[in-house]
2 protein chains.
Amino acid sequence: MLSRVRSAVAHLVSSGGAPSQRPKSPDPPNTTSALSAAAETPKSPRTRPGSQVGAPPKTAETRASFSRPTFLQLSPGGLRRADDHAGRAVQSPPDTGRRLPWSTGYAEVINAGKSRHNEDQACCEVVYVESRRVTEASRESTVNQGLCFYYWGLFDGHAGGGAAEMASRLLHRHIREQLKDLVEILQDPLPPPLCVPSTPGTPGFSDPSHLVSPQSCWSPQKEITHESLVVGAIENAFQLMDEQMAPERRGHQVEGGCCALVVVYLLGKMYVANAGDSRAIIIRNGDIIPMSREFTPETERQRLQLLGFLKPELLGSEFTHLEFPRRVQPKELGQRMLYRDQNMTGWAYKKIELEDLRFPLVCGEGKKARVMATIGVTRGLGDHNLKVCSSTLPIKPFLSCFPEVRVYDLTQYEHCPDDVLVLGTDGLWDVTNDCEVAATVDRVLSAYEPNDPSRYTALAQALVLGARGIPRDRGWRLPNNKLGSGDDISVFVIPLGGPGSYS
Amino acid sequence: MLSRVRSAVAHLVSSGGAPSQRPKSPDPPNTTSALSAAAETPKSPRTRPGSQVGAPPKTAETRASFSRPTFLQLSPGGLRRADDHAGRAVQSPPDTGRRLPWSTGYAEVINAGKSRHNEDQACCEVVYVESRRVTEASRESTVNQGLCFYYWGLFDGHAGGGAAEMASRLLHRHIREQLKDLVEILQDPLPPPLCVPSTPGTPGFSDPSHLVSPQSCWSPQKEITHESLVVGAIENAFQLMDEQMAPERRGHQVEGGCCALVVVYLLGKMYVANAGDSRAIIIRNGDIIPMSREFTPETERQRLQLLGFLKPELLGSEFTHLEFPRRVQPKELGQRMLYRDQNMTGWAYKKIELEDLRFPLVCGEGKKARVMATIGVTRGLGDHNLKVCSSTLPIKPFLSCFPEVRVYDLTQYEHCPDDVLVLGTDGLWDVTNDCEVAATVDRVLSAYEPNDPSRYTALAQALVLGARGIPRDRGWRLPNNKLGSGDDISVFVIPLGGPGSYS
C-alpha cells in the first residue's frame, strides 16, 4: 500500500509479532486445512472466542526477517528473488506443486522500493469447523459433525508488515471459532432459533428440543436467515482479530495495520468481506459484478466527520471536523469559504472563525486523501499505535475494523469456466479498472483450454504484470507509457465453475 | 402518515402555528411566485438567513381549522368535501383555473379516519431569486439580476398538521434565501471561488475581481461544482426550516413533524431532496429511475445505533442501542440470544445481561419499525417536542432534518411527453410499487393525446384512486380485494418534456 501512511518509514524494519521464514511445514503447504487446522486449536470450551486463536510464537530471530505465503513454496533463493525491488519478479505457486483449492490462480509482485519488504500477504485454505458440541465420545464416531469452508484472503499492510502477516495466519481461525457455535444451526433447514438456553460447549446447545419457550421465540418476531449468521460470524471474527493485535495483548503485539479482503465459500454461497481499499469483482459471461467497495477518507467522510462532531475530544486542539477545500489561512479570518459539515453532501460558504484554522479531519482527494493528515484507508486491522505525525493524538478511534460483507449465491447461476472472482490489492486497481480487468480475463482465458487448470494462474500473472509494467525511462511503465504501479501487487483469480469438484 | 407516531392522537387537534383557511389571495393561487414571492421578504441584508423567512401570522381563530394547498382553489364547500373521511373524494386543481407550472398533475385524498384532517400538504411554485448584491439602484435597471427556480414539495405530517403546513409555506423561501448568495456564482461558467472576501450583501461579494489571492485558491485544491453548491443550499435550507420550528422560537412554534420531499429545477437540473419516507421515481421511456430512498428505523438502523452507542445518555435507562429480534424476557438472563450491534449487518448470539432487558432503540419490521418504540420515520422537519411515550426522553436527537439530494440533468436526454417524475407520500407507496406505477403511467398517458396538458392530472388522479381503492366489505379495497391505503395520499406528476416552455 503505497504511501498509505505518512509515517510508514519509521516502522519499516519492525514487521514484528508474527514469525517469518517458517520452517517448512511437514504438510503440503496448500493443505493446512481440515484436520491439521482443527488440530492446531485447543479443544476445551472457552468463554471468549478471541482468546482461543493462538498467536504464532515470536522470537528475536524472526522479527527482523520477512515471509511470503506458504503456498508459494519459496526456497531461500526464491525468497530473495521475491524480495528484490529491482527485478520485481512475479511470484506464483509452482506448477509442479499441489494446486490451490478450486485451481485458484495467484500472483504477486513486490513494490518498486517504497518499503523494505512486500507488505501484502495472502492466504488460501480449506478450513474444517468442528461443532463446539462435539464431545470426546462423539468425536470418535464416524458421524460427520462439522462444516467445511474455503477461504481466500488478501492483506495489504502499511507501516510495517506485521499486521498483514498476523492476519494472514489467524483471521480464518477466528472465523472458524465464530462458526463453531453455528454448525448445527447452519445445517438445519429451519430458521435459526432466536434464543438458545445454554452457553456454547455444554450439551444441548442449539438442540431444538432445548429451545426456550419456542412459542414466544418464533411468533411474529423478525426472522433471521442463516446467511446473516455467517455474515455476523465474519464481522465478529474481524473484530476479534483486531483486538488480538491491540497493544494490551503484549504477547503478540504488532506494528502497523493492514487492509483485509477475504472470501469465505460456505454451503453454496461466497461471502466477500472487505475492510480497506482492496477490491473484488466477479466477471460472469463478460459482465462485471462489483463484490466490494473501498473504504477511504473520501468514501467514509461523513462517518468520520460525525464521529469528530460527536466526540470533539478525539480531534484534540489540532483538527476540525469541518471539511474545507484547502487549508484555511489565518489572513482569511472573517472571510467566507466553502465548507462541508457531516450532514452535507453539497458545499456552502461559511464565515471563517478561529477554530476553522485547525487542520481538517479529512483532507485531500483520491489517493492523496488522508484522515488527520496521516492515513489513507479508514478500515482494516491493527494500527492501534498509530498517531498523528508529530503528535500524541491517536488515529485508531476513527478507523473501523468492520468489513462490508457481500454475498453471492453460487447456486443461482450455472457458471462456465471463464466466470471468475478477481481479488486484488490497491496495487492492481491504482493503475487499472474493472473493464480493463474484464478484458484481460477474456483475452487470457480464451488462450487456454477451458479444462486447463493453469489458466487461472496465467491470468493472475497477466493482471499483475499489466499493473506493474516494464522498466523503461527510469521507472516501471505500462504499454501506454504511463507509470505502472510501484506498490505491492497481489491478485487471486477464483474460478466460479469450480466448487462442485471440491465441496 | 398512518400510525407514524404512536402518540399522534394526543396532538391531533392542535395543528397549531400555521394559519389555515387563509383569506383568498388577490393573486391567482398558482402564481405566488416571481415578483409576488420576492416582495414578501424584507430586503435589508441579514446575518442569519434562517431568521429572514417570515412566519405566517398566528391567530386563535386559525389554530383550530385546517387548510389545503392554495392551488386547489377550494371553496368552503370544496374544503368540507376534501375533509370528509367517508367519501374520500380525490382532489385536483380545477380544469378551469390556471395550470400548475409545466402542466404538473396533482391529486390527493384524505385518510380513512386515522387523523382528523389530511396531514399531507403540497406546494408548487415558481420562485425568483434576487441576488443579495442587488442595490436599490440596480433594481431599477432592466438588467436581469436574478435566477428562477421551479419548486414542488410534498409534506407528510405526523402528530398534527402544523409542521407540514409550515414547511409547505416556507421551505422554498429558505431555499431562495440560501441561493441569494449564489446568483452570480451559478451563472458564471468558471468554477465557484473557494473563498470570497466579504459578507453577503456588501458590494463586490462574489465578484471575481475581489477574490482572495486567486493563486492559492485555485491551485491544486479540490474543485467544487456549481451543482454541489445548489445541493448545499438545499441541505442548509432544510436545517434552517427545522430550526425555525424549534420550540425556542415561540413566535411560530408548531406541534408534530413532517417528512419532506421537494424538487428544485434550476439551470437545467432537477434536484430531488428527500427527508422521510415519501418517494420519487422517474419513468423514462418505460424505465424506472429511483430518485430517492426512504429513511426509516430499518434503513437508518446503523446511524441510530451508533449515536446511541456514542451518546448513551440519549438512551436514558430505558433503551439499549443493541438490536434484538424481539424483546428479551427477564427469565432469559444468562441465555444466548441473537443480536446486532451498530457495526454489524449480520446477526450473532450473545449472552443476555441485565442491560439487554432494556427496550431496543430500534425495533420492529417494515411499517411497524420504530425508533424508541415511538416514531417510524427517521428524517424530516419538526418533532422538537416529541418524547417517548410515558417518558420525558426526547426523540429529536435521533432524527435528522437533512435530506438526501439526488440530481437529474434534464439536458442529457431528449424527453418525450410520456417521461415523468412521480412524487408520492407513503400513502401511495404502502400499497403499490415502482413497477405498478410505471404501468399506470403507460396506461393512462397512452389514453390521452401527447399534447393534452390535462393528462398529467388524470395520471395523478389514477394513481391516488388506485392506492385508495373503493369502499367495499367494511373497508377501502383494491381490485385484488386487498386493503387500499387508509393513509393520506398525495401525488405530483411532473412531465419532464416540459421545461423548455417555462424556462
Side-chain angles (χ1 to χ4, degrees), chain A residues 178 181-182 192-200 205 212-213 216-217 219-225 227-236 239 303 306-307 310-311 324-326 328-329 331-332 334-338 340-341 343-349 351-352 364-365 400-402 404-405, chain B residues 178 181-182 192-200 205 212-213 216-217 219-225 227-236 239 303 306-307 310-311 324-326 328-329 331-332 334-338 340-341 343-349 351-352 364-365 400-402 404-405:
Chain A
Q178 293 298 307
D181 291 340
L182 306 175
L194 303 187
C195 187
V196 287
S198 52
T199 50
F205 172 70
V212 178
S213 52
S216 71
C217 280
S219 52
Q221 314 308 335
K222 192 170 282 204
E223 195 165 289
I224 312 296
T225 61
E227 183 179 302
S228 71
L229 292 193
V230 179
V231 172
I234 295 171
E235 289 171 330
N236 279 340
Q239 186 175 32
R303 175 179 75 76
L306 177 65
L307 184 57
L310 293 173
K311 298 267 187 191
F324 295 97
R326 63 163 172 78
V328 183
Q329 310 293 321
K331 64 181 178 188
E332 290 164 338
Q335 295 174 355
R336 290 161 59 82
M337 187 176 262
L338 286 171
R340 215 158 38 156
D341 209 340
N343 285 309
M344 300 168 69
T345 58
W347 292 80
Y349 289 97
K351 191 173 164 185
I352 296 294
E365 282 185 294
S400 168
C401 64
F402 276 83
E404 182 189 70
V405 186
Chain B
Q178 294 297 309
D181 290 340
L182 306 174
L194 303 187
C195 187
V196 288
S198 52
T199 50
F205 172 70
V212 179
S213 53
S216 70
C217 281
S219 53
Q221 315 306 336
K222 193 168 281 205
E223 195 166 289
I224 313 296
T225 61
E227 183 178 302
S228 70
L229 293 193
V230 179
V231 172
I234 294 171
E235 290 172 328
N236 279 340
Q239 186 174 32
R303 175 179 75 75
L306 178 64
L307 184 56
L310 293 174
K311 297 268 186 192
F324 295 96
R326 63 165 171 78
V328 183
Q329 310 293 321
K331 65 180 177 189
E332 291 164 339
Q335 295 173 354
R336 289 161 59 81
M337 188 176 261
L338 286 171
R340 213 156 41 155
D341 209 339
N343 285 309
M344 301 168 69
T345 59
W347 292 81
Y349 289 97
K351 191 174 164 184
I352 296 294
E365 281 185 293
S400 168
C401 64
F402 276 83
E404 182 189 70
V405 186

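Naming: A, B, ... by sequence-line order, numbering from 1 per chain.
Scanning for side chain to side chain contact (heavy atoms under 4.5 Å, CB included) contacts around Gln239(B) gives Asn236(B), Glu243(B), Cys401(B), Phe402(B), with sequence neighbours left out. For Asp341(A), the side-chain hydrogen bond (donor to acceptor under 3.5 Å, both in side chains) partners are His321(A), not counting sequence neighbours.
For the set Glu404(A), Lys311(A), Met344(A), Glu227(A), the count of heavy-atom pairs under 4.5 angstrom toward chain B peaks at Met344(A). Interface remark: of the candidates Val230(A), Thr225(A), Val328(A), Val231(A), Val231(A) forms the most heavy-atom pairs closer than 4.5 Å to chain B.
The two residues Gln335(B) and Pro197(A) make their nearest non-hydrogen contact at CG-O, 3.3 Å. The two residues Pro193(B) and Leu338(A) come nearest to each other via the heavy atoms O-CD1, 3.6 Å.
Between Glu235(A) atom CD and Thr345(B) atom OG1 the span is 4.0 Å, to the nearest 0.5 Å. Rounded to the nearest 0.5 angstrom, Arg303(B) CZ and Arg303(A) CZ are separated by 15.5 Å. Here the CZ-OG distance, from Arg340(A) to Ser228(B), works out to 7.5 Å after rounding to the nearest 0.5 Å.
Both the backbone and the side chain of Leu310(B) come within contact range of chain A, with heavy atoms under 4.5 Å apart. Residue Ile224(A) touches chain B through its side chain alone, counting heavy-atom pairs closer than 4.5 Å.
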| request: Evaluate side-chain contact (heavy atoms from CB on, under 4.5 Å) for Leu306(B) paired with Leu307(A), printing each intermediate quantity in order. | output: CA-CA 9 Å; Leu306(B) 178 64; Leu307(A) 184 57; 5.9 Å; no

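No option in Leu194(B), Asp181(B), Val196(B) other than Val196(B) meets the side-chain contact (heavy atoms from CB on, under 4.5 Å) test with Tyr349(A).
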